[in-house]
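The next block holds one structure in the form of structure tokens; read it before the comments.
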Amino acid sequence: MDSAYITTPIYYVNDRPHIGHAYTTTLCDVWARAMRLRGADTYFLTGTDEHGHKVEKSAKERGMTPQALADENAAEFQNMLKVFGFSNNDFIRTTQERHVRQVQAFVTRLRDSGAIYLGEFEGWYDEGQEEYHTETRAKELGYKSPVSGRPLVRAREQNYYFKLSGFQARLEAFFAANPGFIQPQARFNEVMGRMREGLQDVPVTRTNFSWGIPFPGDEKHVIYVWIDALFNYLTALDAGSASSSASAKVHYWPAAYQVIGKEILWFHAVIWPAMLMALDLPAPRRIHAHSFWIRDGQKMSKSLGNFIDLAVIQTFTDRYGLDAWRWYMVTQGPLDATDADFRSGHFHEMYTAELVNTVGNCASRVGAMVGKYFDGVMPADVENGGAWPERCASTVSNWEKAIDDFDLVAAARGPLDLIRGVDLFINQTEPFKLAKDSQQRDRLASILAQCSQVVRVASILLTPILPSKMEECLAGFGGAISAGRVAYGGIATGARITKMALFPRIEPATESG
Ligand code: ME8
């Protein structure tokens with residue numbers, strides 16, 4: 001299996017963490033855990049984006065240095081990682097020396113190769129996003145920022161530019177050869193549409209502020225925050241160090257998945273691969289651009305003050321547990337091309353239907369029957385699993401494919417369906433009736449052994465999403481797991497099976513929603 005490198009965007013430190021950041025990081029965490037479970041050499045990176053005009057401005061407003069603001073908010077993000085128990089291997093901050101040094105080395109290489117030149121530029125500038133738009137695009141946007149809604153301003157600068165226009169043909173060939181590069185498909189089509197408008201060179205430096213990495217050789221310029229930021233995916237691997245071949249991490253590139261929100265797709269799907277081409281480095285294998293969480297039908301924004309921030313999230317994790325929160329994020333989130341509405345009533349319904357009544361209930365029911373009829377000892381299965389080994393094998397392959405495709409919803413549905421299958425099997429075979437007939441002892445033993453084995457398989461497949469609850473469940477169904485292909489039959493005859501209450505039934509919250 002190839003090594004498996006996955007990245008989140010690096011988050012701006014001028015904002016505090018909220019559901020959006022937690023969401024993307026959760027998706028990557030689930031994927032990384034799944035790949036580790038499969039035995040892949042996995043590396044999961046996240047971090048903070050600390051330079052740029054916005055940070056400089058916010059810091060000034062608060063009467064502090066940009067570095068102090070960055071330190072304060074990077075700590076907030078690191079705290080978020082801790083609270084959520086994310087399994088990231090590294091946390092990169094763009095103000096770290098390792099990053100600054102390598103970005104300067106990469107930019108020097110680009111300049112030496114002719115991909116970066118000094119030129120003059122005029123265009124429509126989105127001050128909030130620090131992004132230029134073409135005339136066509138600006139018109140489409142109604143000359144307003146698609147993010148903040150504020151008017152775009154006409155701006156003109158002498159700057160260093162990246163020759164994006166020179167990569168049009170190579171990018172087109174790359175997209176044609178890699179139609180799965182951008183997920184979901186709707187986003188791929190969007191990028192192809194914009195590609196047809198023709199590529200324009202992009203400024204890679206700024207002179208109107210100073211909070212950034214100095215442009216090597218012309219230090220009145222600082223490197224544009226987006227160019228600086230994109231390189232984090234490489235600098236974290238030490239891929240831009242003089243002795244990069246000696247780095248223990250450089251083999252992780254190209255990333256298997258770079259997961260982002262849809263608003264930053266152009267940078268990741270077009271500018272980033274072009275920069276990599278200019279550096280003779282491979283493009284990431286896939287970019288997955290998910291949609292947005294909205295709240296009760298409305299966009300979340302600072303002005304509406306309706307952000308689901310960590311304090312709000314904590315009211316859910318306190319009440320339902322962290323795994324239930326992860327479950328909701330993954331199964332009901334905006335993984336694909338449509339936005340997802342966060343409603344606490346819906347959260348409650350899904351928790352009750354899927355975790356309490358399905359996963360938890362099934363594990364408890366099976367454990368209880370093994371307890372009652374076999375003193376909590378895994379009975380022998382004279383039927384060799386019946387139809388279950390095959391059914392489990394197909395669920396496992398589908399799950400692996402779902403992970404490969406970043407279809408985390410399917411990766412949750414498969415094992416959930418397996419659990420539903422166990423419930424149905426119990427309802428059909430009625431072990432509680434068989435238990436009354438001593439002639440049926442072998443049949444009863446086989447049924448309950450099969451149910452236990454299937455609960456184990458499903459629980460293993462659910463560990464990436466529900467790590468602590470499934471660890472608890474597995475402790476009662478055959479013990480801890482080791483990495484490798486998941487297979488039916490992990491519980492030895494004679495092993496202890498325990499009944500457990502995994503997901504407590506909870507009264508719906510009294511607040512509206
Ligand atoms: O854009 N729903 O950082 P950022 C789902 N520093 N996800 C959301 C979301 C929402 N409502 N809001 C934000 C930046 N996100 C740059 C990135 S990368 C080289 C530089 C998530 O702090 C989503 O992943 O604004 C989005 O892309 C990211 O947070 C933006 O975080």
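Both ligands and their constituent atoms are indexed starting at 1 by order of listing.
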**OP:** Taking atom types as modelled, find out whether Tyr143 and His133 have a side-chain donor-acceptor pair closer than 3.5 angstrom.
**Re:** no

Subject >> Closest approach of any protein heavy atom to atom 10 (C) of ligand 1, naming residue and atom >> reply: Phe292 CD2, 3.3 Å

**OP:** Give the single entry among Met300, Gln129, Glu263 that approaches atom 30 (C) of ligand 1 most closely by any heavy atom.
**Re:** Glu263

Subject >> Atom CD of Glu471: over 12 foreign heavy atoms under 6.0 Å >> reply: no

**OP:** Show which atoms of ligand 1 fall inside a sub-4.0 Å distance from at least one heavy-atom site of His290.
**Re:** 5 (C), 7 (N), 23 (C), 24 (O)

**OP:** Classify the angle between the aromatic ring planes of Phe175 and Phe181 as parallel (below 30°), tilted (30 to 60°) or perpendicular (above 60°).
**Re:** tilted

**OP:** Output yes when the distance from some N or O of ligand 1 to some N or O of Gly261 is under 3.5 Å, and no in every other case.
**Re:** yes

Original post:
Any idea which atoms of ligand 1 are less than 4.0 Å away from a heavy-atom of Asp49?
Top reply: 6 (N), 16 (C), 20 (C)

Subject >> For atom 31 (O) of ligand 1, closest protein heavy-atom neighbour >> reply: Tyr11 CD2, 3.6 Å

Subject >> Salt-bridge contact Arg36-Asp41 (side-chain N to carboxylate O under 4.0 Å) >> reply: no

Original post:
Which protein heavy atom lies closest to atom 29 (O) of ligand 1, and at what distance to 0.1 Å?
Top reply: His21 CD2, 3.5 Å

Subject >> Atom CZ of Arg150: over 12 foreign heavy atoms under 6.0 Å >> reply: no

Subject >> Contact atoms of ligand 1, heavy-atom distance to Thr24 under 4.0 Å >> reply: 21 (C), 23 (C), 24 (O)

Original post:
Are any of the heavy atoms in Asp15 under 4.0 Å away from ligand 1?
Top reply: no

**OP:** For atom 13 (C) of ligand 1, grab the closest protein heavy atom and report residue, atom and distance to one decimal in Å.
**Re:** His18 CE1, 3.7 Å

Original post:
For Lys57, does the NZ atom have more than 12 heavy-atom neighbours from other residues, nucleotides or ligands under 6.0 Å away?
Top reply: no

Original post:
Which residue and non-hydrogen atom of the protein lie closest to atom 17 (C) of ligand 1, and at what distance in Å?
Top reply: Ile10 O, 3.2 Å

Original post:
How are the rings of Phe267 and Trp226 set to each other: parallel, tilted or perpendicular (split at 30° and 60°)?
Top reply: parallel

Original post:
How far is atom 3 (O) of ligand 1 from its nearest protein heavy atom, and which residue and atom name does that atom have?
Top reply: Tyr12 CD1, 3.4 Å

Original post:
Would you say Trp226 has any N or O atom under 3.5 Å from an N or O of ligand 1, going by distance alone?
Top reply: no

**OP:** Could you tell me which atoms of ligand 1, counted from 1 in the order shown, lie closer than 4.0 angstrom to a heavy atom of Ala229?
**Re:** 19 (C)

Original post:
If you count the non-hydrogen atoms of other residues, nucleotides and ligands that lie under 6.0 Å from CD in Glu127, is the total more than 12?
Top reply: no

**OP:** Determine the sole option in Tyr351, Tyr23, Phe342 for which the ring-ring contact (aromatic ring centres under 6.0 Å, His included) test with Tyr328 is passed.
**Re:** Phe342

Original post:
Which is closest to atom 11 (N) of ligand 1 in terms of heavy atoms, Trp272, Tyr233, Trp293?
Top reply: Trp293

Original post:
Take atom CD in Gln314; do more than 12 heavy atoms of anything else shown fall under 6.0 Å from it?
Top reply: no

Subject >> From the candidates Gly47, Ser291, Gly20, Pro334, the one that places a heavy atom nearest atom 15 (N) of ligand 1 >> reply: Gly20

**OP:** Could you establish whether Lys299 and ligand 1 come within less than 4.0 Å of each other, counting only heavy atoms on the residue side?
**Re:** no

Original post:
Should we count CZ of Arg16 as having more than 12 external heavy atoms under 6.0 Å?
Top reply: no

